[in-house]
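In what follows, a structure is listed as structure tokens, so that the remarks can point back to it.
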Amino acid sequence: TSAMVIFGFSAEGKNIARLLHGVDIEYLGVDNDYTRIATAKSQGFEVALGDPSKMNIYKSINVKDALALVFIALITLPLYLMTWLVFDHL
């Protein structure tokens with residue numbers, strides 16, 4: 001498991017990944033767009049294909065061990081509800 005998990009690997013996610021890499025913090029970028037993931041992989045980013053709206057991605061990448069989660073997306077649920085869904089149901 002990476003120290004940081006970045007959900008939504010758009011330009012903003014890549015910028016966060018660059019900052020983390022610059023200070024030697026491990027990260028994993030996650031996005032549900034195959035083309036975005038393939039491009040990021042070809043650019044040397046550590047990424048995985050997954051849909052942050054599905055609970056199985058949180059279990060498969062073992063987010064309970066991550067130090068922090070970063071969500072870059074339009075979140076339609078209140079943040080407290082998203083946190084409860086992720087951490088209380090793993």
Side-chain angles (χ1 to χ4, degrees):
T1 300
S2 299
M4 302 270 294
V5 181
I6 305 165
F7 292 98
F9 214 70
S10 58
E12 294 86 359
K14 286 182 180 180
N15 286 334
I16 292 171
R18 286 183 189 102
L19 290 170
L20 294 172
H21 179 75
V23 292
D24 294 324
I25 297 176
E26 292 182 16
Y27 70 88
L28 176 66
V30 179
D31 203 288
N32 62 353
D33 184 304
Y34 177 81
T35 303
R36 193 178 288 168
I37 289 298
T39 301
K41 279 186 180 181
S42 73
Q43 295 170 337
F45 289 101
E46 295 293 325
V47 291
L49 184 64
D51 186 347
S53 70
K54 308 290 186 214
M55 289 305 297
N56 64 335
I57 187 64
Y58 300 99
K59 291 180 181 179
S60 68
I61 62 173
N62 201 19
V63 296
K64 289 196 302 187
D65 294 334
L67 296 177
L69 305 178
V70 177
F71 291 89
I72 301 173
L74 175 61
I75 298 175
T76 57
L77 295 173
L79 188 54
Y80 70 88
L81 180 57
M82 177 72 96
T83 304
W84 176 78
L85 287 171
V86 171
F87 289 104
D88 287 351
H89 289 86
L90 290 178

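None of these values were measured; they are calculated from a predicted model. All heavy atoms count here, side chains included; hydrogens, waters and symmetry mates do not.
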*How would you list all residue pairs meeting salt bridge (charged side-chain N to carboxylate O under 4.0 Å, His left out) that involve residues 31-44, not counting sequence neighbours?*
D31-R36
*Check against side-chain contact (heavy atoms from CB on, under 4.5 Å), F45 and I6*: CA-CA 11 Å; F45 289 101; I6 305 165; over 6 Å; no
*Without swapping roles, check the side chain of Y58 against the backbone of P52 for a donor-acceptor pair under 3.5 Å.*
yes
*V5 and A66: which non-hydrogen atoms are nearest, and at how many Å?*
CG2-CB, 4.0 Å
*How far does CG of L28 sit from CE of M4, to the nearest 0.5 angstrom?*
11.5 Å
_Reported CZ-to-OH distance for the pair F9 and Y27, which is rounded to 0.5 angstrom_ = 5.0 Å
Please list every donor-acceptor pair under 3.5 Å in which a side-chain atom of residues 11-22 meets a protein atom from a residue at least two apart or in another chain.
residue	atom	partner	partner atom	Å
E12	OE1	S10	OG	2.6
K14	NZ	Q43	OE1	2.7
N15	OD1	R18	NH1	2.9
N15	ND2	A11	O	3.4

_Quick check on side chain to side chain contact (heavy atoms under 4.5 Å, CB included): which of D51, V63, N32 does F7 satisfy it with?_
V63
